[in-house]
Amino acid sequence: MIKGTVKIDAKICKGCELCIVACPQNALALSPNFNDKGYRYVELIYDACTGCVNCALVCPEAAITVYRQAKSSKKSQLKSE
Amino acid sequence: MIKGTVKIDAKICKGCELCIVACPQNALALSPNFNDKGYRYVELIYDACTGCVNCALVCPEAAITVYRQAKSSKKSQLKSE
Amino acid sequence: MNEKLLLDDGTELEQVFCRPDTLTDVPYHYCPGCGHSVVHNVLMEVVDELDIQDKTIGVAPVGCSVFAYHYMNIDMQEAAHGRACAVATGIKRVLPDKLVFTYQGDGDLAAIGTAETIHTVNRGENILIVFINNGIYGMTGGQMAPTTLPGMVTSTSPYGRDIHMSGYPLKITELAAQLPGAYYVTRQSVHNPNAVRKLKKAVTKAFEYQMQNKGTCFIEVVSNCPSGWKMTPVETIKYLEEVMFPYYPLGDVKVPKE
Amino acid sequence: MNEKLLLDDGTELEQVFCRPDTLTDVPYHYCPGCGHSVVHNVLMEVVDELDIQDKTIGVAPVGCSVFAYHYMNIDMQEAAHGRACAVATGIKRVLPDKLVFTYQGDGDLAAIGTAETIHTVNRGENILIVFINNGIYGMTGGQMAPTTLPGMVTSTSPYGRDIHMSGYPLKITELAAQLPGAYYVTRQSVHNPNAVRKLKKAVTKAFEYQMQNKGTCFIEVVSNCPSGWKMTPVETIKYLEEVMFPYYPLGDVKVPKE
Amino acid sequence: MEKEIRKEEPRLMKGNEALAEAAIRADIDAYFGYPITPQSEVIEYLMREVPNRKDKKIVVLQAESEVASINMVYGAAGAGARVMTSSSSPGISLMQEGISYIASAQLPCLIVNVVRGGPGLGTIQPSQGDYFQATKGGGHGDYHLIVLAPASVQEMADFVFDAFHLAEKYRNPAMILADGALGQMMEKVVLPPDGGLSKQPKPWATTGKTKDRNHNIITSLFIQPEEMEKVNLELQKKYEAMQSEVRWEEFQTDDAEILLVAFGLSARICQKVVDLGREKGIKIGLLRPITLYPFPYKRIDELADKVEFILDVEMNAGQMVEDVRLAVEGKVPVYFKGRMGGMIATPEEILQEIEAIHEKQNVLHD
Amino acid sequence: MEKEIRKEEPRLMKGNEALAEAAIRADIDAYFGYPITPQSEVIEYLMREVPNRKDKKIVVLQAESEVASINMVYGAAGAGARVMTSSSSPGISLMQEGISYIASAQLPCLIVNVVRGGPGLGTIQPSQGDYFQATKGGGHGDYHLIVLAPASVQEMADFVFDAFHLAEKYRNPAMILADGALGQMMEKVVLPPDGGLSKQPKPWATTGKTKDRNHNIITSLFIQPEEMEKVNLELQKKYEAMQSEVRWEEFQTDDAEILLVAFGLSARICQKVVDLGREKGIKIGLLRPITLYPFPYKRIDELADKVEFILDVEMNAGQMVEDVRLAVEGKVPVYFKGRMGGMIATPEEILQEIEAIHEKQNVLHD
Amino acid sequence: MIKEQEIIIAGFGGQGVLSMGRLIAYAGMIEGKEVSWMPSYGPEMRGGTANCIVIVSDSRISSPIITKFDTAILLNQPSVDKFEKAVKPGGLLIYEQSTVIHPPTRTDIEIIGISAIEEADKLQAKQIANMIMAGAFLEKRPILKIETLIEALKKALPPRRHNLIPLNEQALNRGRELVKQAELAHS
Amino acid sequence: MIKEQEIIIAGFGGQGVLSMGRLIAYAGMIEGKEVSWMPSYGPEMRGGTANCIVIVSDSRISSPIITKFDTAILLNQPSVDKFEKAVKPGGLLIYEQSTVIHPPTRTDIEIIGISAIEEADKLQAKQIANMIMAGAFLEKRPILKIETLIEALKKALPPRRHNLIPLNEQALNRGRELVKQAELAHS
Ligand SMILES: Cc1ncc(C[n+]2csc(CCOP(=O)(O)OP(=O)(O)O)c2C)c(N)n1
Ligand SMILES: Cc1ncc(C[n+]2csc(CCOP(=O)(O)OP(=O)(O)O)c2C)c(N)n1
Ligand code: SF4
Ligand code: SF4
Ligand code: SF4
Ligand code: SF4
Ligand code: SF4
Ligand code: SF4
Ligand SMILES: [Mg+2]
Ligand SMILES: [Mg+2]
């Protein structure tokens, strides 16, 4: 069952790869394709995502929205910590 | 016997009285007279001076020359300390 | 926010993180992987959470983050190079009930702005100073900063910073912490998710202290500059950990005695 | 010098102290009892004794001691308010074999000149900084200085320095001592003969260190301003001892590890 | 602005103090400054007086430098405050970057320069040596301050109101360009009424973004040249509009054959010259520019049609004289008489100069 | 100075780099500066190159600010060094106090302003918006810089020599007033010969008081107004003497009916305008002031006798045009064409302007 | 003979657009032409495009900054977006084809797509894409001899890096070929 | 009636020369005259003389700074040294006699020595010497009524210090007497 997932705004991703190294599940990778800004952008490559938010936290472009199978109705996971 | 004495340049003395309070012998006092600059200046009032240099060290105007019965040929007592 | 996502298999996922509301839609002009953006995100996240958008006034520096006002959806002023603290003082003194912060680079805060920084902290101005130390002048193309490490190559230290010529990197955060006006001084980073979490806590605290009129809060963020350092963003993380943090150790420098 | 005095009774007295040779004949313009003059005397005394008149270049500030160059019979430059350290850096860098010192008041060094002071010390410029802290702006008629004590009345703190408005007095000497570029940092005074003796030793050491290229030497002299403090010179001594020294304790702040 | 009739008793005050008291009455929100002779009485007066005005909330802060002062002014002005600073020549030079920023960001504020003799540390005696800096822009880029030049302690007070009025009307920094004598001297003054300058809303100010508007941004950065040019054109248009605010004063110009042009303290002296000259039968008139920017080019040009020559008198090496020459464009000769470094020409000295020129001119005309 | 024949191979260099290399060859003793676009290449080049010149002893120091830079320059210049700094508009504004001090203390040095669009933080694109600041005195008091305005990378290099030569001859600070395009662009340059600028003794410098002379004092403080006035008169006399150094360049002015006046990059563009105009049969000529201070008033005045009108072209809102009008004093109309904020008028645009004026003038003449 | 070429070269920083421009200017100088090279500078470089304007001319150059170009050599999408409209009618636009997802569309100019990055990868030398583009340009606008460009390269590179020259030459030639192929395809 | 008096008052800081001048100017204002008061300022005050220029006139005052005076009131030696020569021929110089060791010597002006400090000591009020000098001045140059001066004093002093007014009045009168005595002695 899927624990979590991410939506990545490919338009504003700059392909910095910081999310890739931050993801404990190694679930992210650079796409071979380019976006409007000329960058290769990041994609979720398989369903291992746990919704841990790590990638989103380090994403400079604030391009990642994270979803998780969780009760928390908090706006962000951070606050609950 | 006179152990020491001071010469005070009355022309440049500003009568600040700092030498007076610095003198361990209480040998200095303000003159009732005024100098060219309009200040009452300081005088050695009796022969108690030991040539200890204290007055000269604190004199802002560098107005005091000190003499002492001593072997030291050093320019100033300070150095010898 | 609080949006749900319904997957094909029927699983319902809850949104747990998204772009802060108090960011505008303008895409960052920063280089890929630049720490400035992350700090912006964190700041606006906190503004969201404390619900202080209407009370917060930011001061942007001259440096790569000069355009911070394009991204942060709050009232902002752009200060002359190095003068953000003076500008913030001007704002805070006439609007003491607002929350004022400066956002400054190492050239801005620790070189040309040294006097303003020291005196603002010394007066205990009730503001937050956010200090992005990337050890370089990013904006102008990678010159040596007061915080550039010994031996580090920049365009004005092409053979590495020579401490005999330029002295040791200036730890202005430690200086600031010495001043009685400084209430809370901390050194943070954004090089990994936990660091980001900690920074967010620090910023939250700082705003809370400001609401309580405690004096100056000072947050240094040891950050990166992939372009100036001539590294990929991922490489900068290693450099931070191996080279920068030993000189600029992370953690609180001065905490309130409560 | 080495002049003898023959008294009426035949006693021969030796001259043991006189006006330093390296002072000009120009009478000081300072107010009666002002500490500036004493520090001038000490400096020139040391120049005499080390025989460095031809090697020493002084930098005068803007402050009451702006005319220092009239009295000190050495080559001197008058710097803009607060910029003496920058001017001295300019001189020392092009004439590294000369002995360069600045002479600055608390407004000059610790307010407008803060950035120059901090960065000059941080670079470890091989100069001597003489810092006359009289807790007031003497020259301009007695305004509050960064070093004015809490509660002290000045013309811009007519109801006493209010730390909520202006912060605590800035101990810039302690800040300077923190910087690796600072080699020898000490706080002295001239309020009595022994203090003058100690200051003289400190100045001598500082010049000797400079000859050895050790880095920045920094001597604070906690001094008086009878006019600004509205006291007689003798009263200022008591104020120094009772009020100033407790806040600015005398003694070495940083000594070389030899 | 209409001049109201003032009921208050006249007071004997220093120019600097009258200016400071006027600032309180003009309801400034904040003053930021750094001591410097000959204007330190401004901050001293405020520090002393403001705590006694329980009805007012005025921030008075001694900054660590003039650079800090002007940037505090920038911040407070951007936040919507009525704010001012004061200094004297070297301190004003240090403010040039900040002034350029404020002009570019179009923030209203008041900068007072009580000029002393330069260049450099110079002397603390009165001078008019900063005319160029004030009117042509001592900072970088194309901008202008509104510049008012008082000639009495009365005007030191009054012009605070005028300066803020104009500054806020045009969202432009204003400067009062006085000199050490006007700052230090005492003379009679009837102070402007307390609270006599109303405050208009400043919807552009950074007071905290409310839901009903976009976030306000105070900036002088316009990185795209097209955009920067637009800002510049906007500024130029504003300066054009400001021309309508030009102010000057004339004495006995109706029948004048010789025109003196002088501002500030020099104009007071020239008034005496007019009297002395007329006693001798020389028909002298005087035009005193009150606003140095905008400058009364047109009026001087008109008067030039009627006079034999113009003598411009300043306490400097000749600065406003360029504007007088630009006004006149060669119609009549424009001469210059200046003293420098804190020296002030006496009325007799100026009259002599006039007589000498007069003679020379007549020789030429023969 | 006679121009020597240069044997070195031409190089392709940025203006900023050519200037820096020329400084090395002019045997500067020291450079103090702070990075700012568009001139950071000056310090970058020096930092890179100087360590390779083992025969030279040049101090290159990145200061903590422009305020520090200019005061380091003051110190080094006072100590007898050949010293320079460089910056761009906002940084130059911060230097105004220091510049006024240097001018007053009569110290030779070189200040380079690679101008960007102002006011405020503005834009980093090229501009000529700092003409007033450079020529009328952005700092306080009556003083003047020697101001040279290069129009090519070649002159960016050459004028370093000229500037130091003049600065040292007159003990006066000199400024090279370039713009972002001249600093950033590469073009062909034949560098001036290494060591080609000899050093004269500076007996006034603070190098340590030797027994055979009185102590040297570098100061700009002259507290007595009489003394300060004397210093001012001395300065004015020097400025008078400097008038003989005025330099300008003319293109096709012999038979010109329309005169363009432009400096720096604008003059390059106007040269093209002359060509384009003449292709169309419009007899345009161009005068390019090379020294902006001293200014070629006299020559412009002479040319005014021969032309129908003058068009002054600048990358600002109209600054040098005042000097042109002062030169001409109403003899012929003086028009102005300017672009601002980093925008640059094209030759076509300027020609159009000329044609429009021409038409208007003819209507007037009918 | 082409008397003048006003060229814009743009792409990401790191793609060598500035050095390509410099090389062209340098070669022009060697051939005795008037040349100018003007880089973009400042913060617009951050995360955006770097570019330079190169003018090679038989007569004196007035302003190095211009807004319309005879030729645009564009190495990424933002550059295409920005500079397509700046090409003079009848002018030339060469763009890097493998990374640009929205190719230029004007019909009043000549447009050539070159997969320079892909080709450079094939040569196992990423940094050589710019030279492939340069070759393509010179094939279309032979304002300079290839040999002069090589000569310029020799002068520009420190001796220890002269081993790279054959690679650069290869890239130039590859660019020329690619243009020919592209033209063939179109014709 | 005297239409104008241009006065310099000089002495040490602390001798009340500035306030004496201010009082005269204030009184002039009360009497409806034009007045100006201009102090010396700045570093020349350090260890030297403080002074102020007071102009009381029936017509508008041009510059408050002048270099020649109708009257000089000088309270110490440096002031005498500096301002003796600044008195207009025929003018008046009043100096404090008990501390000045080199009295003024000009013969083309009227010179009056007053032992104001000694007299003040006698009145057990050192700080009142300035008022004795002021009294002497007004005796010689009655441009203002003594009553106006007292009125001015009342306005200048805070109410809690109004007890000092009789003392000041006494001092003013003592000054007038001393002048009369001095004149008697000379005649
Ligand atoms: C008075 C002035 N001096 C210099 C500059 C040029 N300048 C712009 S940003 C900057 C430094 C940027 O470095 P930093 O503050 O560390 O910010 P970063 O770009 O690294 O975030 C400099 C020197 C300027 N704009 N104004
Ligand atoms: C740029 C500038 N700002 C202000 C001044 C005025 N000013 C002269 S000296 C001084 C401060 C003097 O105080 P300090 O440095 O403590 O020296 P002190 O007179 O007490 O010895 C000030 C503010 C100035 N000359 N220049
Ligand atoms: S939320 Fe966590 S697991 Fe999911 S992609 Fe991001 S980092 Fe990986
Ligand atoms: S961190 Fe953000 S910008 Fe960077 S690659 Fe991942 S999604 Fe893209
Ligand atoms: S030398 Fe010593 S004893 Fe003699 S007068 Fe001076 S302080 Fe007194
Ligand atoms: S210390 Fe010097 S100046 Fe002061 S009273 Fe004594 S002798 Fe005179
Ligand atoms: S230059 Fe450096 S600091 Fe600036 S945006 Fe790029 S990576 Fe960030
Ligand atoms: S004002 Fe103060 S510091 Fe200045 S000379 Fe007088 S006593 Fe000394
Ligand atoms: Mg940085
Ligand atoms: Mg002080």
Side-chain angles (χ1 to χ4, degrees), chain E residues 67 89-94 96-97 100-105 115 117-125 127 129-130 132-133 136-143 219-233 235-236 316-319 322 325-326 329-331 339-343, chain F residues 67 89-94 96-97 100-105 115 117-125 127 129-130 132-133 136-143 219-233 235-236 316-319 322 325-326 329-331 339-343:
Chain E
V67 171
S89 310
I92 299 288
S93 288
L94 282 172
Q96 291 306 321
E97 188 202 28
S100 177
Y101 269 70
I102 292 174
S104 186
V115 183
L121 188 47
T123 171
I124 53 178
Q125 299 308 314
S127 163
D130 300 356
F132 273 147
Q133 189 193 53
K136 305 287 167 185
H140 58 287
D142 290 285
Y143 71 88
T219 187
S220 67
L221 172 64
F222 306 96
I223 201 75
Q224 293 307 327
E226 295 79 8
E227 218 188 315
M228 186 77 234
E229 185 169 57
K230 232 181 266 165
V231 171
N232 266 295
L233 290 170
L235 287 176
Q236 293 301 319
N316 60 35
Q319 300 192 11
E322 289 200 0
R325 288 176 54 208
L326 284 169
E329 291 220 300
K331 261 187 212 175
R339 294 295 301 265
M340 280 165 280
M343 298 300 287
Chain F
V67 171
S89 311
I92 298 288
S93 288
L94 282 173
Q96 291 306 321
E97 189 203 25
S100 177
Y101 269 71
I102 293 174
S104 186
V115 183
L121 188 48
T123 169
I124 53 178
Q125 298 307 315
S127 163
D130 300 356
F132 274 148
Q133 189 193 53
K136 305 286 167 188
H140 58 287
D142 291 285
Y143 71 88
T219 187
S220 67
L221 173 64
F222 307 95
I223 200 79
Q224 292 307 327
E226 295 80 10
E227 220 188 314
M228 187 77 233
E229 185 168 58
K230 232 182 263 164
V231 171
N232 267 295
L233 289 171
L235 287 176
Q236 293 301 320
N316 59 35
Q319 301 193 12
E322 288 200 359
R325 287 177 52 208
L326 285 169
E329 293 220 299
K331 262 187 210 172
R339 294 295 301 265
M340 279 166 282
M343 297 300 286

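Because the structure is a prediction, the values reported are computed rather than measured.
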With the side chain counted from C-beta on, respond yes when Pro119(F) and Val231(E) share a heavy-atom pair under 4.5 Å apart, and no when they do not. no

Are Glu229(F) and Arg339(E) packed together at the side-chain level, in the sense that at least one heavy-atom pair is separated by less than 4.5 angstrom? yes

Between Glu322(F), Gln96(F), Met343(F), the one whose heavy-atom pairs under 4.5 Å with chain E are most numerous: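 Among the listed options, the one with the most contacts to chain E is Met343(F).
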
Can you tell which of Gly129(F), Gly118(F), Gly341(F), Gly122(F) has the highest number of heavy-atom pairs within less than 4.5 Å of chain E? Gly122(F)

Donor-acceptor contact present, side-chain [X] to main-chain [Y], <3.5 Å:
{"X": "Gln133(E)", "Y": "Gly138(F)", "result": "yes"}
{"X": "Ser89(E)", "Y": "His140(F)", "result": "no"}
{"X": "Asn232(F)", "Y": "Met340(E)", "result": "no"}

Contacting moiety of [X], where chain E heavy atoms sit under 4.5 Å:
{"X": "Leu326(F)", "value": "both"}
{"X": "Ile102(F)", "value": "neither"}
{"X": "Ala317(F)", "value": "both"}
{"X": "Gln236(F)", "value": "side chain"}

Where on Leu221(E) is there a heavy atom nearer than 4.5 Å to chain F: the side chain, the backbone, both, or neither? both

Under 4.5 Å from a heavy atom of chain F, the part of Glu227(E) involved: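 When you check distances to chain F, no heavy atom of Glu227(E) falls under 4.5 Å.
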
Partner set under salt bridge (Lys or Arg N to Asp or Glu O under 4.0 Å) for Arg325(F), not counting sequence neighbours: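 Testing Arg325(F) for salt bridge (Lys or Arg N to Asp or Glu O under 4.0 Å), a comparison that skips the adjacent residues, returns Glu329(E).
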
Not counting sequence neighbours, which residues clear salt bridge (Lys or Arg N to Asp or Glu O under 4.0 Å) with Lys331(F)? List them please. Asp301(F), Asp305(F)

Work out which heavy atom in Gly120(E) is nearest to a heavy atom in Ser100(F); give both atom names and the distance.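 Minimum heavy-atom separation between Gly120(E) and Ser100(F): N-OG, 2.8 Å.
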
Where Gln125(F) and Ile223(E) come nearest, the two heavy atoms and their spacing: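 Heavy atoms only, the tightest pair is CG-O, 4.4 Å.
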
Pick from Gly330(E), Gly342(E), Ser127(E), Gly91(E) with the largest number of heavy-atom pairs that fall under 4.5 Å of chain F: Gly330(E)

Asp142(E), Thr123(E), Asn316(E): which one forms the most heavy-atom pairs within less than 4.5 Å of chain F? Asp142(E)

To the nearest 0.5 Å, what is the distance between CD1 on Ile124(E) and CE on Met228(F)? 12.5 Å

